[in-house]
Amino acid sequence: MKTITTSIPYTNAKPHIGFAMEVVQADFFARYYRAHGEEVHFQTGTDEHGRKIERSAQKNNMSAQDYVDSLQQNFQGLLKSVNISHNRFVRTTDADHHAMAQALWRACAANGDIVQRHSQAWYDVVEEEYLGSVEEHPDPAVFGVDAANIERVDEINYVFLQSKYTDRLRDLLENDQIKVWPKHRRNEMLQLLEKGLPDVAVSRERSKLSWGIPVPGDENHVMYVWYDALTNYLTGTSTIDDQGIIVPGNAWSTEVLHCIGKGVSRFHLLLWPAMLLSADISLPKEVLIHGYITVGGTKMSKSLGNVIDPVEAAAERGSDALRWYMLKEIPTFDDCDWLPEHVAAVYASDLVNELGNLATRVWSMAQRYSGGVLSVVPGSGHTMTGEILITELAAFHEKIEQRKIHEGIQALQGMVRYANRRIEDMQPWKLAKDSEQLGEVTAFLHEMILLQGVLWRWLAAALPDSAATVATAFGVELSTMTPEVFMGEELITIQLGTDSPMLFPRDVH
RNA sequence: AGCGGGGUAGAGCAGCCUGGUAGCUCGUCUGGCUCAUAACCAGGAGGUCGUUAGUUCAAAUCUAACCCCCGCUACCA
């Protein structure tokens with residue numbers, strides 16, 4: 001079994017295209033492992049507590065709950081528009097999440113890792129946010145906030161003793177017990193660990209924040225949003241017994257892959273494992289950290305007006321086209337600039353000209369020269385192509401295990417080009433003029449159809465809609481498409497579907 | 001400032017560990033083909049591999065210094 005997760009975005013803003021890329025990457029892995037026949041648990045969700053939401057709700061004259069409910073459609077709509085195949089969506093306002101966060105808190109507290117501590121901190125009364133401790137920052141000027149808005153607060157808060165886990169976390173990361181992709185992100189964390197981890201204030205006074213999960217046994221305090229949010233990974237995978245003890249489910253006691261953005265790596269590589277260690281719960285196996293989509297080399301921001309809306313981007317050429325760009329063109333771990341002309345060029349070149357055109361040209365020849373029904377024993381006639389196919393598939397799988405989705409897909413793309421070259425060499429349209437050679441033409445087209453079947457079995461992880469169209473048009477069951485079948489000695493009858501597969505129209509509006 | 005990543009044809013990247021005629025995709029130019037979504041195939045043009053110095057018969061590749069871009073140390077997909 002495999003478990004794939006995404007981070008859960010804060011719902012106060014519209015879904016970010018970067019989050020869309022994150023869910024698409026996660027969805028790729030979910031579909032990839034399903035194609036291997038593995039059972040997959042794939043969860044995503046939304047982070048709905050905190051001061052900003054509370055304040056926005058007030059502005060809109062709504063209760064916080066009604067307000068977050070009204071925001072759900074944005075996120076559900078996004079998942080739909082990029083075709084995400086998750087089987088659990090965790091809202092931090094869900095009752096079972098509420099219970100899980102409290103259960104985890106109790107577990108950490110029982111181990112002596114959450115304690116009350118008197119703290120002195122700087123507080124921004126306008127933004128209603130803690131800026132940092134007085135101890136760490138004796139001069140609040142470093143925060144760049146108007147001094148008139150800064151207040152020094154003195155209060156009792158709950159603190160999670162993250163510092164206790166500094167050494168164990170260093171060991172875990174150094175020994176790859178939590179595998180970090182790419183590696184240099186791990187090094188960044190090790191650097192932080194060198195300085196020693198601080199303890200983390202994990203509660204807020206209810207007077208300052210009421211929209212959150214209450215601290216168990218203390219109605220005057222509410223959990224810090226990160227403590228609350230990270231717990232979602234257990235909510236979706238585990239249960240709580242009669243004693244209030246967390247029972248990790250199969251989905252947690254397996255190979256867990258967290259897909260996140262680089263901005264939240266500290267929380268996932270330090271705080272989260274520390275929380276799990278404290279509660280004596282097993283750790284995730286891998287954390288994949290993607291880069292950011294930039295515009296003109298800078299981050300998107302509302303003030304610059306350069307925000308790309310993922311739902312609109314998906315509507316432009318269809319979800320598969322957007323998914324392809326995000327998976328194949330954007331390097332999995334790196335930042336990448338978003339240029340509309342480039343997006344259009346990649347669509348035309350990779351999808352329209354190569355993948356889409358290959359499907360229609362083969363379909364049309366098979367229809368015209370072989371009457372739409374092709375009964376052939378693949379056998380040794382497919383050996384040459386089959387061996388190349390085996391090599392390329394191995395390269396694909398290896399790259400995907402290294403979490404380099406873009407490089408893996410490029411291996412499959414190489415086979416598409418190979419197919420186009422083969423067709424050029426064989427020139428079936430010439431052979432077909434001679435009725436003596438029609439058998440050879442059919443055998444060749446049969447080979448090209450099976451080849452696409454094998455490729456689309458894996459391309460389906462990136463392009464699920466198109467894969468379904470291809471399967472129908474060629475009348476093949478993708479899950480049976482293996483190199484062994486491709487070169488097998490059994491008769492395979494292919495009956496084409498009635499429609500030519502128009503996967504990627506050239507003209508899109 | 002410290003640490004990390006990067007600087008290779010117009011754009012995006014690989015090659016660097018394990019030195020030996022500079023490679024891929026897109027774009028561009030020319031030719032071929034006609035099954036196909038004016039798609040496909042072949043070939044050409046285009047680079048003093050950030051700078052300087054060093055090691056070597058030989059350096060994009062190793063060493064040193066320097067310059068530039070980005071990231072992390074504070075929320076962020």
Side-chain angles (χ1 to χ4, degrees), chain A residues 6-10 13 15-25 50 52 78 127 129-132 136-137 142-144 182-192 194-195 225-226 259-267 289-294 297-301 307 310 326 328-331 333-337 339 341-342 344-346 348-369 406-407 410 413-414 416-417 419-433 441 444-445 448 500-508:
Chain A
T6 72
S7 63
I8 53 174
Y10 200 58
H16 195 285
I17 194 160
F19 176 66
M21 180 170 78
E22 182 172 308
V23 282
V24 166
Q25 287 184 350
K52 282 182 190 163
L78 168 71
E127 288 296 317
E129 270 167 347
Y130 288 90
L131 298 166
E136 250 182 283
H137 307 279
V142 297
F143 302 116
K183 213 146 215 164
H184 68 260
R185 297 281 169 213
R186 181 193 73 160
N187 296 340
E188 285 175 4
M189 293 306 123
L190 287 172
Q191 229 175 286
L192 287 179
E194 281 315 303
K195 295 176 192 163
V225 285
W226 268 108
C259 296
I260 64 168
K262 62 184 180 176
V264 296
S265 47
R266 312 171 54 224
F267 299 102
I289 303 166
H290 66 255
Y292 281 164
I293 294 173
T294 58
T298 56
K299 276 197 244 182
M300 288 178 213
S301 73
V307 175
M326 290 175 156
K328 179 263 166 185
E329 192 60 24
I330 297 182
F333 309 136
D334 297 334
D335 286 358
C336 179
D337 229 29
L339 295 169
E341 319 85 77
H342 190 225
V346 168
S349 164
D350 291 354
L351 298 181
V352 178
N353 295 352
E354 286 185 354
L355 267 176
N357 182 54
L358 175 65
T360 40
R361 73 192 298 207
V362 169
W363 188 91
S364 134
M365 285 190 277
Q367 194 67 265
R368 183 180 303 192
Y369 305 141
H406 61 298
E407 291 189 10
Q410 279 164 26
Q413 240 187 326
V416 174
R417 294 189 179 129
N420 274 323
R421 249 179 281 132
R422 280 280 288 155
I423 293 170
E424 210 64 32
D425 288 347
M426 287 297 285
Q427 307 190 326
W429 52 90
K430 278 195 180 154
L431 297 181
K433 286 175 183 162
V441 169
F444 174 69
L445 294 173
M448 288 298 110
S500 168
M502 178 47 67
L503 304 176
F504 306 104
R506 178 167 303 279
D507 299 310
V508 288

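Sequence lines set the chain letters: A, B, ... in the order given, protein chains first and strands last, and positions in each chain run from 1. Computed from a prediction, not measured in an experiment: that's the story for all the values here.
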Next on the checklist: In whole Å, measure the gap between the P atoms of B:rC24 and B:rG15 for me.
Outcome noted: 15 Å
Next on the checklist: If you only use heavy atoms from C-beta on, which nucleotide in B:rC35, B:rU37, B:rC70 is closest to the side chain of A:Glu424?
Outcome noted: B:rC35
Item to check | Short side-chain to backbone donor-acceptor contact, A:Glu22 and A:Ser7, under 3.5 Å | outcome: yes
Item to check | A:Lys195 side chain, from C-beta outward: closest of B:rC41, B:rU73, B:rC72 | outcome: B:rU73
Checklist entry - Is there a donor-acceptor contact under 3.5 Å from the side chain of A:His290 to the main chain of A:Ile260? => result yes
Item to check | Atom pair CZ/OG1 of A:Phe504 and A:Thr360 - distance to nearest 0.5 Å | outcome: 11.0 Å
Item to check | Nearest heavy-atom neighbours spanning A:Leu78 and A:Ala20 | outcome: CD1-CB, 3.9 Å
Checklist entry - Once you round it to whole Å, what is the distance between P of B:rU37 and CG of A:Asn353? => result 12 Å
Checklist entry - Atom NZ of A:Lys433 and atom P of B:rC33: how far apart are they, to the nearest Å? => result 11 Å
Item to check | Residues forming a side chain to side chain donor-acceptor pair (under 3.5 Å) with A:Arg185, sequence neighbours excluded | outcome: A:Glu188
Item to check | Integer angstrom distance from the C1' of B:rU28 to that of B:rG10 | outcome: 9 Å
Next on the checklist: Whether the side chain of A:Tyr292 engages the backbone of A:Gly263 through a donor-acceptor N/O pair (distance < 3.5 Å, no angle test) should be reported.
Outcome noted: yes
Checklist entry - Whole-Å distance between B:rA11 P and A:His342 NE2? => result 12 Å
Next on the checklist: Measuring only the C1' atom in each nucleotide, how far is B:rA9 from B:rG23? A whole number of Å is fine.
Outcome noted: 11 Å
Checklist entry - Going by modelled atom types, is there a donor-acceptor pair between the base of B:rG12 and the side chain of A:Glu329 at under 3.5 Å? => result no
Item to check | A:Asn420 CG to B:rC33 P, straight-line distance once rounded to whole Å | outcome: 18 Å
Next on the checklist: Quick check for you: to the nearest 0.5 Å, what is the distance between A:Arg422 atom CZ and A:Phe444 atom CZ?
Outcome noted: 5.0 Å
Checklist entry - Which ranges of RNA chain B pair up as stems, where a stem means three or more consecutive Watson-Crick or G-U pairs with both distances under 3.5 Å? => result B:1-7 with B:67-73, B:10-13 with B:23-26, B:28-32 with B:40-44, B:50-54 with B:62-66
Next on the checklist: Distance check, P atoms only: B:rC26 and B:rC40, in whole angstrom units.
Outcome noted: 9 Å
Item to check | Whole-Å gap separating C1' (B:rG5) and CG (A:Asp334) | outcome: 9 Å
Checklist entry - B:rG50 and B:rA60: how far apart are their P atoms, nearest whole angstrom? => result 10 Å
Checklist entry - Under 4.0 Å: is that the gap between some side-chain N or O of A:Arg506 and OP1 or OP2 of B:rA39? => result yes
Item to check | Closest-nucleotide 5' rank along RNA chain B - winner of A:Tyr369 and A:His184 | outcome: A:His184
Next on the checklist: Any base atoms under 4.0 Å from A:Arg417, or only sugar-phosphate, or nothing? Heavy atoms, all strands.
Outcome noted: sugar-phosphate
Checklist entry - Considering only B:rC70, B:rC35, B:rC26, which nucleotide approaches the side chain of A:Arg368 most closely? => result B:rC35
Next on the checklist: At 4.0 Å (heavy atoms only), tell me whether A:Asn187 reaches a base, stays on the sugar-phosphate, or touches nothing.
Outcome noted: nothing
Item to check | Inter-residue atom distance A:Met426.CE - A:Met448.CE, 0.5 Å rounding | outcome: 8.5 Å
Next on the checklist: To the nearest 0.5 Å, what is the distance between NZ on A:Lys262 and CG on A:Asp334?
Outcome noted: 9.0 Å
Checklist outcome for this item: Rounded to whole Å, the CZ-C1' distance (A:Phe333 to B:rC13) equals 15 Å
Checklist entry - Which part of the nucleic acid does A:Ser349 contact within heavy-atom distance under 4.0 Å: base, sugar-phosphate only, or nothing? => result sugar-phosphate
Next on the checklist: Nearest whole Å is fine: how far is B:rA1 P from A:Gln191 CD?
Outcome noted: 15 Å
Item to check | Close side-chain approach of A:Asp350 and A:Val416, heavy atoms under 4.5 Å | outcome: no
Item to check | Gap in Å between the two C1' atoms, one belonging to B:rA22 and one to B:rA14, rounded | outcome: 11 Å
Checklist entry - Distance between the C1' atoms of B:rC62 and B:rC16, in whole angstroms? => result 10 Å
Item to check | A:Leu503 CG to B:rA39 P, straight-line distance once rounded to whole Å | outcome: 17 Å
Table of protein N/O atoms under 3.5 Å from nucleotides 74-77 of chain B N/O atoms:
from, atom 1, to, atom 2, distance (Å)
B:rC75, OP1, A:Arg266, NH1, 3.4
B:rC75, OP2, A:Arg266, NH1, 3.3
B:rC76, OP1, A:Trp226, NE1, 3.1
B:rC76, O2, A:Lys299, NZ, 3.3
B:rC76, N3, A:Lys299, NZ, 2.7
B:rA77, O2', A:Glu22, OE1, 2.8
B:rA77, O2', A:His290, NE2, 3.0
B:rA77, N1, A:Ile293, N, 2.9
B:rA77, N1, A:Ile293, O, 3.4

Checklist entry - How far does the P atom of B:rG19 sit from the matching atom of B:rA58, given to the nearest Å? => result 15 Å
Checklist entry - What pair of heavy atoms forms the shortest contact from A:Ile423 to A:Pro428, and how long is it? => result O-CD, 3.4 Å
